[in-house]
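Notes follow once the structure below has been shown.
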Amino acid sequence: MIKVLNRLWNSPTLTTWASLVVISTNTIVVLPMILVKFSTIETKIYLILATIIQFKNIFDFGLKENISRLFSYANAGVENLKELSSGSENNSAPNLQLISTIFQRSKLYYRYIFLFSLLFISIVAYFSLRSSISDRLDFWYASAAMVLGSAFFLYSNLYISFLIGLNKVALVKRWEVLLKGLSSISLVIVMLVNPTLLNFMLVFNFWIIINFLNYYFLAKRVIIQKEELDLPSKVSIDKTVFNLTWRTFIIGLTSTGTQQGLNLLIANLVPVDIANSYLLTDRVFGQLKEVSRAPFYSKIPEFAKLRGQGKIHSMINKVRFSMGFSYLVNILGLIFLLFFGNTMLELIGSKVNLIDTSVFCLMAMFLFIERYTAMHTQLYTFMNNKIIGHFRIMATGGLTLLLMYILFPIVSIIALPISNSIAYLMFFTVYVVRKNYKVIDQSFYYFEKRLIIPVCILFIIFIILYEILIPHT
């Protein structure tokens, strides 16, 4: 019994899910309170700020996932980050000297990111909010708290990438459960006692800074001081990181950046009730996406370590299982929202509903396309330690903007999920997955016959059932 409990306590997937369950409290409990207690304009400002917060991940420049993977390779005993084992298996001891050097270089990178994010997110917030809040100082103070919290969130990625790269996922997530739980409780109290946007944002971002301090001290406990590598090796690490991160930044800027930028544009172009419904649906989908990431992304350090040890067959089997689990969480969440989402919002007296069913289904389609592409991109990345498709994602972003420009005057808000889906499929998704199947030497049908294929069929069946069973007004 003790062994079972210990295994659960140290399970990356279970602790990640526990963390996501606590984080989901903000969607399940706090967000409904916002929709009930905030005025219409406060709800709009909150949803715009929540959209702006998504930009912070872009200005991590991909360092978190790339440096975390480098730590995993070093933890697997890799001597040269440019030359990974292609066939033979090994069980080398961790390369502590390389780990120490990567960490010291990463500290420098994140100092620059902290300063840059303060400037850039401030600019985005100003131009996104100036037409909506005019002379309301409390709203400006709330946005300032969001900017500062976002900068500290990014800095904390230094310590998170270090801990996760050394496969301390369960340790990170256990602390996240505690601190995110306290954060959610604090936000509920604020919404019960004095529900204003300023109070909400102050408390929310206070806990982000507390999280930053927690990760700092956790990393300090784990760090093993070793003499750093010589200057040429540092330059080699800088070059490796730069070659990975600039490509990741381009991907983030032209995918997440384009999507969130268009969300902000829509918030200012369509009537406030439609804008709020769309932004609420997008936020709920974002939360679902985070929950569905747990079975796959919590195992990336393990995948990268197996890759560093040359255990490719074992790695691919584990990847397929985690992908399937991720798709299952997505499909169950979408079906629940499709049938019961608006009913639950009506029960709590929300002033905002989910978006119209046709837009909802198109957004769901794009969610599957994006998740399918993202997980295959990750698989290719830790197979080759290379970022793929950065120029193609630029074309994807450009086509998305062009299609939006053409379609929005014709079909209004429905243009966004259509544009996203067409652009992804034409320029990015097909390219990435074909390259991936070639690397792992498997066909689309063989790899996906128990993954994305049955999931798509199942979702189509439930959409048909919804149209038949649920009365429409």
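Note that the numbering runs from 1 along the sequence shown for the chain. In this text the structure is predicted, and so the values were computed from the model without any measurement.
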Verify, without hydrogens or angle tests, whether [X] (side chain) and [Y] (backbone) share a donor-acceptor contact under 3.5 angstrom.
X    : Y    : result
S277 : N353 : yes
S326 : S292 : yes
S161 : L158 : yes
S150 : M146 : yes
S322 : V319 : no

- Query: Can you name the side-chain hydrogen bond (donor to acceptor under 3.5 Å, both in side chains) partners of N317, sequence neighbours left out?
  - Reply: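 H313.
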Would you please classify the geometry between the [Y] ring and the [X] ring as parallel, tilted or perpendicular, with 30° and 60° separating the classes?
X    : Y    : answer
F336 : F340 : tilted
Y372 : Y327 : tilted
F303 : F296 : tilted

- Query: What is the minimum heavy-atom distance between L399 and A423, and which atoms define it?
  - Reply: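 Closest heavy-atom pair between L399 and A423: CD2-CA, 3.7 Å.
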- Item | Atom of F427, atom of A395 and distance for their closest heavy-atom approach |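 Looking at all heavy atoms of both residues, the shortest contact is CD2-CB, 3.8 Å.
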For the residue pair [Y] / [X], report whether a side-chain donor-acceptor contact shorter than 3.5 Å exists.
X    : Y    : value
S419 : T400 : no
N75  : N167 : no
Y215 : E176 : yes
Y437 : E448 : yes

- Does the ring of F368 carry R371 above it, NZ/CZ under 6.0 angstrom from centre and within 45° of its axis?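 No, a cation-pi geometry is absent between R371 and F368.
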- Message: Nearest 0.5 Å, please: how far is CD1 in I355 from CG in N276?
- Response: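 Atom-to-atom, N276:CG and I355:CD1 are 10.0 Å apart.
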- Looking at CD1 of I160 and CZ of F153, how far apart are the two atoms once the value is rounded to the nearest 0.5 Å?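 Answer for the CD1-CZ pair, I160 versus F153, is 6.5 Å.
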For the [atom1] atom on [X], are there more than 12 heavy atoms of other groups (residues, nucleotides or ligands in this structure) within a distance under 6.0 Å?
X    : atom1 : result
F321 : CZ    : no
F339 : CZ    : yes
W175 : CH2   : no
F444 : CZ    : yes

- Task: Check step by step if ring-ring contact (aromatic ring centres under 6.0 Å, His included) holds for H376 and Y380.
- Result: CA-CA 6 Å; H376 272 282; Y380 185 91; over 10 Å; no
- Item | Steps toward side chain to side chain contact (heavy atoms under 4.5 Å, CB included) verdict (T357, L338) | CA-CA 8 Å; T357 305; L338 181 64; 4.1 Å; yes
- Query: For F462, which of I331, I335, L334 qualifies under side chain to side chain contact (heavy atoms under 4.5 Å, CB included)?
  - Reply: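 For F462, the side chain to side chain contact (heavy atoms under 4.5 Å, CB included) test succeeds with only one of I331, I335, L334, which is I335.
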- salt bridge (Lys or Arg N to Asp or Glu O under 4.0 Å) contacts touching residues 312-340 (sequence neighbours left out):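 As it turns out, the salt bridge (Lys or Arg N to Asp or Glu O under 4.0 Å) pairs with a partner in residues 312-340, which skip direct neighbours, are E302-K318.
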- is_close_aromatic(F114, F152), centroid dist under 6.0 Å: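 They qualify: ring centres under 6.0 Å apart.
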